[in-house]
Amino acid sequence: MADQASIPQLGPLGIWSFLLDVQPMARAGQVAAELDDLGFGALWVPEAVAREPFANAALLLGATARMTVATGVASLHARTAMTMNAGWRTLSEAFPARFLLGVGVSHQPVVDGAHQGRYGTKPYSMMVDYLDTMDASEFWGAPASVAPQRMLAALGPRMLRLAAERGVGAHTYFVPVEHTAVAREVLGDDALLAPAQTVVFETDPTAARQVARQFMKRFLTLPNYTNNLRRLGWGDDDLGGGGSDRLVDALVAWGSLDRIAARVQEHLDAGADHVCVQVRTRDLQYLPMAEWRELASVIPSLRTRSGIAQYTS
């Protein structure tokens, strides 16, 4: 189980983005260095159909000086447990206390399709077995000077409890603030909780919700996410038709910087240690430098719980 001494120091605010993946790597490194200078505590990189996350993380860590680079998340179906363990320990040794491995079971359509694997009916048991194999794997490389840190992608209570027992905590995605409160209760006080929050810098409700629904469309087809929302009380009327306005507004913060910052603070007040913000716009190739710079301005005003995960530049 994680304790406060082992929790990575991510600070209150990070950036979750696939947009650096579509930039040339040299440009991605420059942007990451600016995000580091702006005071963001972590840069979260996904694994899907773009860059391989361990190679990507290594290059981004090499381009930055302080911030953590975290996988949000590396799929256990994409590599063996031994390979996952080796990549984790390699980066943890090369960049002490700056790489955070997020591991997840992914989603059945991705696993059965892109990974040509078999998702199965027991993702929880699969995760337990995978972690057991990771922890039993031989690794003859140079050891890290600081203990490697691992967290799990988790939504339901069983996986959340496992995240606290077998890592430093949980990374949650496509969740409203109400889930953050539930997750904190399940995790206990000592585990790291890092929800992702999608935001749209648009004050017109119709335009903002249009961008939000573009983002939400795929995720509302994935049972892991819809089942989680159903556990929270959201029903067919909310989940159908691209999402009700109420659900859109709960999952995607839109409007002015103050309104977006208020949503981040709601997650922190509900028990998050760190919120990783994903900026979405109409143009999926647009690099939101202006929006990221605006977000950086609110970091000093964000209040974290009990002094955990404070960021020092």
Side-chain angles (χ1 to χ4, degrees), residues 12 16 44 72-73 102 104-110 119 121-125 127 151-165 169-189 191-200 202 205-206 208-255 259-278 280 303 305:
W16 195 109
W44 296 75
V73 293
V105 296
S106 190
H107 302 272
Q108 186 164 4
V110 178
Y119 190 76
T121 59
K122 297 182 178 180
Y124 174 84
S125 297
M127 175 63 83
M151 68 190 314
L152 305 185
L155 294 172
R158 294 183 75 202
M159 197 69 81
L160 286 165
R161 284 192 290 270
L162 187 68
E165 293 167 0
H171 173 48
T172 59
Y173 191 88
F174 205 64
V175 294
V177 170
E178 61 193 295
H179 183 268
T180 295
V182 170
R184 171 52 64 199
E185 184 174 357
V186 174
L187 286 168
D189 289 337
L192 173 69
L193 177 56
Q197 174 64 61
T198 300
V199 306
V200 177
E202 171 61 66
T206 300
R209 289 176 180 139
Q210 193 173 54
V211 174
R213 286 190 171 95
Q214 181 187 43
F215 157 72
M216 293 168 56
K217 181 178 179 180
R218 178 169 178 264
F219 298 112
L220 287 176
T221 68
L222 298 175
N224 290 2
Y225 292 130
T226 55
N227 290 341
N228 183 58
L229 291 169
R230 289 183 187 281
R231 280 193 296 268
L232 296 171
W234 300 89
D236 290 342
D237 290 343
D238 295 302
L239 297 170
S244 66
D245 284 354
R246 190 171 72 96
L247 181 63
V248 169
D249 295 350
L251 290 171
V252 179
W254 55 266
R259 185 169 175 176
I260 288 169
R263 175 67 61 84
V264 172
Q265 187 61 60
E266 287 174 12
H267 278 288
L268 295 170
D269 291 344
D273 299 294
H274 171 85
V275 180
C276 38
V277 171
Q278 179 178 190
R280 292 294 294 241
R303 304 180 303 278
R305 67 182 187 100

Does the side-chain contact (heavy atoms from CB on, under 4.5 Å) test come out yes or no for V211 and E202, once each step is laid out?
CA-CA 9 Å; V211 174; E202 171 61 66; over 6 Å; no
Kindly indicate, with the supporting measurements, whether the criterion side-chain contact (heavy atoms from CB on, under 4.5 Å) is fulfilled by L229 and D238.
CA-CA 10 Å; L229 291 169; D238 295 302; over 6 Å; no
Do N227 and R230 pass the side-chain hydrogen bond (donor to acceptor under 3.5 Å, both in side chains) test, and can you show the C-alpha distance, the side-chain angles, and the key distance before you say yes or no?
CA-CA 5 Å; N227 290 341; R230 289 183 187 281; 4.9 Å; no
As a quick check of understanding, evaluate side-chain contact (heavy atoms from CB on, under 4.5 Å) for R246 and W234, giving each step before the final call.
CA-CA 10 Å; R246 190 171 72 96; W234 300 89; 3.4 Å; yes
Y225 vs L155, side-chain contact (heavy atoms from CB on, under 4.5 Å): CA-CA, chis, key distance, verdict
CA-CA 8 Å; Y225 292 130; L155 294 172; 3.7 Å; yes
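Closest of all the heavy-atom pairs between V177 and R263 is CG2-CD, 3.6 Å. Pairing each heavy atom of W44 with each of G72, the nearest pair is CE3-CA, 4.1 Å. Nearest heavy atom pair, residue A253 against residue I260, reads O-CG1, 4.1 Å. For G271 against L193, the heavy-atom pair with the smallest separation is O-CD2, 3.9 Å. Here the shortest heavy-atom pairing between A153 and G104 reads CB-CA, 4.0 Å. Scanning both residues, A164 and L187, for their nearest heavy atoms gives CB-O, 3.8 Å.
Classified by interplanar angle (parallel below 30°, tilted 30° to 60°, perpendicular above 60°), the ring pair F174/F219 is tilted. Aromatic ring pairs are classed by plane angle as parallel below 30°, tilted from 30° to 60° and perpendicular above 60°; the pair F215 and Y173 is perpendicular.
To the nearest 0.5 Å, atom OG1 of residue T226 and atom CZ of residue R231 are 9.5 Å apart. In this structure, NE2 on H179 lies 11.5 Å from CG on L251, to the nearest 0.5 angstrom. Note that the CE atom of M159 and the CG atom of N224 stand 8.5 Å from one another [nearest 0.5 Å]. Here the OG1 atom belonging to T198 is positioned 7.0 Å from the CZ atom belonging to R280, to the nearest 0.5 angstrom. Taken from CD in E165 to CG in L152, the straight-line distance is 10.0 Å, to the nearest 0.5 Å. Rounded to the nearest 0.5 angstrom, T172 OG1 and H267 NE2 are separated by 7.5 Å.
W254 places a side-chain heavy atom less than 4.5 Å from the side chain of D249. Looking at heavy atoms from C-beta onward, L220 lies in side-chain contact with L247 at the 4.5 angstrom threshold. When side chains are defined from C-beta on, D245 counts as touching R213, because their heavy atoms get closer than 4.5 Å. For the pair P123 and M127, the minimum side-chain heavy-atom distance is 4.5 Å or more.
Side-chain atoms of R303 never come within 3.5 Å of backbone atoms of L268 as a donor-acceptor pair (strictly under, hydrogens ignored). Side-chain atoms of H171 do not come within 3.5 Å of backbone N or O of M151 as any donor-acceptor pair. A side-chain donor-acceptor contact under 3.5 Å links R184 to the backbone of A191. Not a single donor-acceptor pair under 3.5 Å links the side chain of R209 to the backbone N or O of S244. Side-chain atoms of R305 do not come within 3.5 Å of backbone N or O of D273 as any donor-acceptor pair.
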